[in-house]
Amino acid sequence: MNEFPIIGIHHVTAMTSSAEKIYNFFTEILGLRLIKKTVNQDDIQTYHLYFTDDVGTPGTDMTFFDFPGAPKGKNGTDSIAATSFRVPSNASLLYWQERLSQFQIEHEDITELFGKKVLPFVDFDGQNYQLISDENNAGIPGGLPWKNAPVPAEHAITGLGQILVNVNHPRTLIEVLVDTLGFKEVLTVDHSTLLEVGAGGNGGAIIVNYQPDLPLAQEGYGQVHHVAWRVKDDVSLKNWIFRLENLAYPSSGFVDRFYFQSEYFKPTRGILFELATDGPGFLVDEPYETAGEILSLPPFLEKKRTEIEGYVRPFDTTKHNLPQGKE
C-alpha cells in the first residue's frame, strides 16, 4: 500500500477565449465562486481564474487561462475531453436542464454513464462539460455550495466529478493510472473504462475512452489544458516526484504555485497530469469576504505588479461576492 496515496481530483485547468465571459458564465450561470483572480505564473500576460465552492475546497476547482491570440482548439483523441461537475441528486439534473435552457446554453438530454445520471453541455467556446448526479454516490465528499450563488443549495454544484479522456491507446494510460498512480479499474463497457482513486466515487473518477477514429485533438481555447490530482502535502508530493523521476516520465520537478505545490508530468501522448497539494489554499492572501475581487499575485511576482497590470486588461470581479437572488 502506498504511504502517500493520491486522494482524488484536485482541479481541472482549461483555456478560454475571454476571461470576462468565463467569469460571468461560472458565477452567474453555474453558480461557482471566483476564489482567485491571478495570472499564469509561467506567462504573466495571461489571466488565471480559479472557480471553486464557497471556501476553495480542493476537488471543487476549475481554472482558466485566456492566452492572448490563442487559436480555437479542436476536439479529438489523445486529449482530456470533458469535465464533470457534481450536483446532489437526479432531481438536481432536472433543475439544471431547465436552467441551461433558460440561459440558452447548448445541452443534451439527461443520460446515464456508468450508472450515474449525467447532463452534458457546452459553454460559449465549445468547452465540454457534464453535470453528474451524486445520488447513491459514495466516496470522496463534495464541497460547500457557494453561499452567494444564484442557485438553490439543494441543487448547487459541489465539486468536480468524472474526468473524461479520449485516447488512441487506452491500455497505455490505464497501466499508468493503475500501476503508477494507484487507481483501480472499476468497470469496462464497450470501449470505455471507469477507474477510481482514493476513497472513490465521483470525486476520484476518470473514464478512459478508446477513440481510434477521431482525429488528434488540437490545443487551444475550448480545450482542457491539464487535470490535477490531489496529494496531501509537500512530503507526499516530493515522494511522488522521486517516484516519477525514477520511472523516467517527462516531468517538471517541484513547482511552488504559492496556493499549492505541484509537479506536472505526461503519462501518455497528448495528456498532461499534475499532482497538487491540498494547501496552503486560496485564502492564504485574501479574506474570505472579498476573495477574487483584486488581482492577487504570489510574493515572487508582486515586484512585477505594475508590469503585469499593464498586460492584463482590468475587469470588475466584485459583483460575485454580493448576495444574489436564488432562482
**Student:** Any side-chain heavy atom of Q162 within less than 4.5 Å of one from K116?
**Tutor:** yes
**Student:** Nearest 0.5 Å, please: how far is CG in L214 from OG in S79?
**Tutor:** 8.0 Å
**Student:** Is there a path of hydrophobic side-chain contacts, each under 4.5 Å between heavy atoms of I/L/V/M/F/W/Y residues, joining L49 to I44?
**Tutor:** yes
**Student:** Within 45° of the axis and under 6.0 Å from the centre of the six-membered ring of F4, does NZ or CZ of K232 qualify?
**Tutor:** no
**Student:** Let's go through L216 and T77 carefully: what are the C-alpha distance in whole Å and the side-chain angles of both, what is the deciding distance for side chain to side chain contact (heavy atoms under 4.5 Å, CB included) to 0.1 Å, and is it a yes or a no?
**Tutor:** CA-CA 5 Å; L216 289 176; T77 193; 3.8 Å; yes
**Student:** Quick one, F67 and Y47 - any side-chain contact, counting heavy atoms below 4.5 Å?
**Tutor:** no
**Student:** Distance check, rounded to the nearest 0.5 Å: F103 atom CZ versus I29 atom CD1?
**Tutor:** 5.5 Å
**Student:** Can you confirm whether K21 is buried at NZ, in the sense that more than 12 heavy atoms of other residues, nucleotides or ligands lie under 6.0 Å from that atom?
**Tutor:** no
**Student:** With ring-ring contact (aromatic ring centres under 6.0 Å, His included) as the rule and sequence neighbours excluded, what pairs involving residues 186-205 come up?
**Tutor:** H191-Y210
**Student:** Treat each ILVMFWY residue as a node, draw an edge where side-chain heavy atoms are under 4.5 Å apart, and state whether V12 and L164 are in one component.
**Tutor:** no
**Student:** Taking only residues two or more places apart in sequence or in another chain, which ones pass side chain to side chain donor-acceptor pair (under 3.5 Å) with S92?
**Tutor:** S89, H155
**Student:** Show the numbers, then the answer: is there a side chain to side chain contact (heavy atoms under 4.5 Å, CB included) between D123 and I22?
**Tutor:** CA-CA 9 Å; D123 69 11; I22 206 70; 3.6 Å; yes
**Student:** So for atom CD, which belongs to E154, do other residues, nucleotides or ligands contribute more than 12 heavy atoms lying within a distance under 6.0 Å?
**Tutor:** yes
**Student:** About how many Å separate CG of N321 and CG of L34, when rounded to the nearest 0.5 Å?
**Tutor:** 8.0 Å
**Student:** Measure the shortest side-chain to side-chain distance between L295 and V39 over non-hydrogen atoms and say whether it is less than 4.5 angstrom.
**Tutor:** yes
**Student:** To the nearest 0.5 Å, what is the distance between CD1 (I80) and CD1 (I163)?
**Tutor:** 7.5 Å
**Student:** So how far is it from W240 CH2 to Y249 OH, rounded to the nearest 0.5 Å?
**Tutor:** 9.5 Å
**Student:** Which pair of heavy atoms, one from T27 and one from P150, lies closest together, and at what distance?
**Tutor:** O-CD, 3.5 Å
**Student:** State, without any angle test, whether S236 and D233 hold a side-chain donor-acceptor pair at a distance under 3.5 Å.
**Tutor:** no
**Student:** To check you understand the geometry: which heavy-atom pair defines the closest contact between I105 and F25, and what is its length?
**Tutor:** CD1-CE1, 3.7 Å
**Student:** Is the closest side-chain heavy-atom distance between I308 and L301 below 4.5 Å?
**Tutor:** yes
**Student:** Between Y129 and F85, does the ring centroid distance fall short of 6.0 Å?
**Tutor:** yes
**Student:** Starting from I132, can I reach V122 by hopping between I/L/V/M/F/W/Y residues whose side chains sit under 4.5 Å apart?
**Tutor:** no
**Student:** Roughly how far apart are L187 CG and L194 CG, rounded to 0.5 Å?
**Tutor:** 6.5 Å
**Student:** Would I207 and T193 satisfy side chain to side chain contact (heavy atoms under 4.5 Å, CB included), going step by step from the backbone distance to the final call?
**Tutor:** CA-CA 6 Å; I207 295 174; T193 300; over 6 Å; no
**Student:** Are L32 and I140 connected in the hydrophobic side-chain network, where two residues link if heavy atoms are under 4.5 Å apart?
**Tutor:** no
**Student:** Report all side-chain donor-acceptor pairs from residues 265-286 shorter than 3.5 Å, counting only partners two or more places apart or in another chain.
**Tutor:**
from : atom 1 : to   : atom 2 : distance (Å)
R269 : NE     : D78  : OD2    : 2.8
R269 : NH2    : D78  : OD2    : 2.7
E274 : OE1    : H11  : NE2    : 3.1
E274 : OE1    : H226 : NE2    : 2.8
E274 : OE2    : S262 : OG     : 3.0
E274 : OE2    : Y264 : OH     : 3.3
T277 : OG1    : Q261 : N      : 2.9
T277 : OG1    : G279 : O      : 2.7
D278 : OD1    : R230 : NE     : 2.9
D278 : OD2    : R230 : NH2    : 2.8
D285 : OD1    : K36  : NZ     : 2.6
D285 : OD2    : Y259 : OH     : 2.8
E286 : OE1    : K36  : NZ     : 2.6
E286 : OE1    : S296 : OG     : 3.1
E286 : OE2    : G292 : N      : 3.2

**Student:** How far apart are the closest heavy atoms of D256 and F300, and which atoms are they?
**Tutor:** O-CE2, 4.1 Å
**Student:** For residues S17 and D125, report the shortest heavy-atom separation together with the two atoms involved.
**Tutor:** OG-OD1, 2.6 Å
**Student:** Side chain to side chain contact (heavy atoms under 4.5 Å, CB included), that's the test. Do K184 and L195 meet it? Break it down for me.
**Tutor:** CA-CA 5 Å; K184 295 180 180 178; L195 302 99; over 6 Å; no
**Student:** What residues form a salt bridge (Lys or Arg N to Asp or Glu O under 4.0 Å) with R171, not counting sequence neighbours?
**Tutor:** E185
**Student:** Less than 6.0 angstrom from the centroid, inside 45 degrees of the normal: does K319 satisfy that with respect to the ring of Y23?
**Tutor:** no
**Student:** Quick test of your reading of the model: are K37 and D316 salt-bridged, counting only N-O distances below 4.0 Å?
**Tutor:** no
**Student:** Which donor-acceptor pairs under 3.5 Å do the side chains of residues 52-64 make with protein atoms, sequence neighbours left out?
**Tutor:**
from : atom 1 : to   : atom 2 : distance (Å)
T52  : OG1    : G56  : N      : 3.4
D53  : OD1    : V55  : N      : 3.2
D53  : OD1    : G56  : N      : 2.8
D53  : OD1    : T57  : N      : 2.9
D53  : OD1    : T57  : OG1    : 3.4
D53  : OD1    : T60  : OG1    : 3.4
D53  : OD2    : T57  : OG1    : 2.7
D53  : OD2    : L144 : N      : 2.8
D54  : OD1    : K147 : N      : 3.1
D54  : OD1    : Y288 : OH     : 2.9
D54  : OD2    : Y288 : OH     : 2.7
T60  : OG1    : D53  : N      : 3.2
T60  : OG1    : T57  : O      : 2.7
T63  : OG1    : T13  : OG1    : 2.6
T63  : OG1    : H48  : NE2    : 2.7

**Student:** Does the side chain of V87 reach to within under 4.5 Å of the side chain of Y95, using non-hydrogen atoms?
**Tutor:** no
**Student:** Can you confirm whether the side chains of N40 and D43 place a donor and an acceptor under 3.5 Å from each other?
**Tutor:** no
**Student:** So which heavy atom on L247 is nearest to which on T180, and how close?
**Tutor:** CD1-CG2, 3.7 Å
**Student:** Which atom names give the shortest non-hydrogen contact between N209 and S192, and what distance separates them?
**Tutor:** OD1-OG, 2.5 Å
**Student:** Sequence neighbours left out, what passes side-chain contact (heavy atoms from CB on, under 4.5 Å) with Q97? Give chain and number order.
**Tutor:** L94, H107, D109, I110, L119
**Student:** So P298 and Q41, do their side chains get closer than 4.5 Å, heavy atoms only?
**Tutor:** yes
**Student:** So E263 and K238, salt bridge (Lys or Arg N to Asp or Glu O under 4.0 Å) or not? Walk me through it.
**Tutor:** CA-CA 9 Å; E263 178 188 40; K238 289 173 182 176; over 6 Å; no
**Student:** Between E112 and K117, does any side-chain N to carboxylate O distance fall below 4.0 Å?
**Tutor:** yes
**Student:** Counting C-beta onward and ignoring hydrogens, is there a side-chain heavy-atom pair between Q130 and L113 closer than 4.5 Å?
**Tutor:** yes
**Student:** For a 4.5 angstrom cut-off between non-hydrogen side-chain atoms, does L30 reach F121?
**Tutor:** yes
**Student:** Closer than 4.0 angstrom, basic N to acidic O: yes or no for K304 and E307?
**Tutor:** no
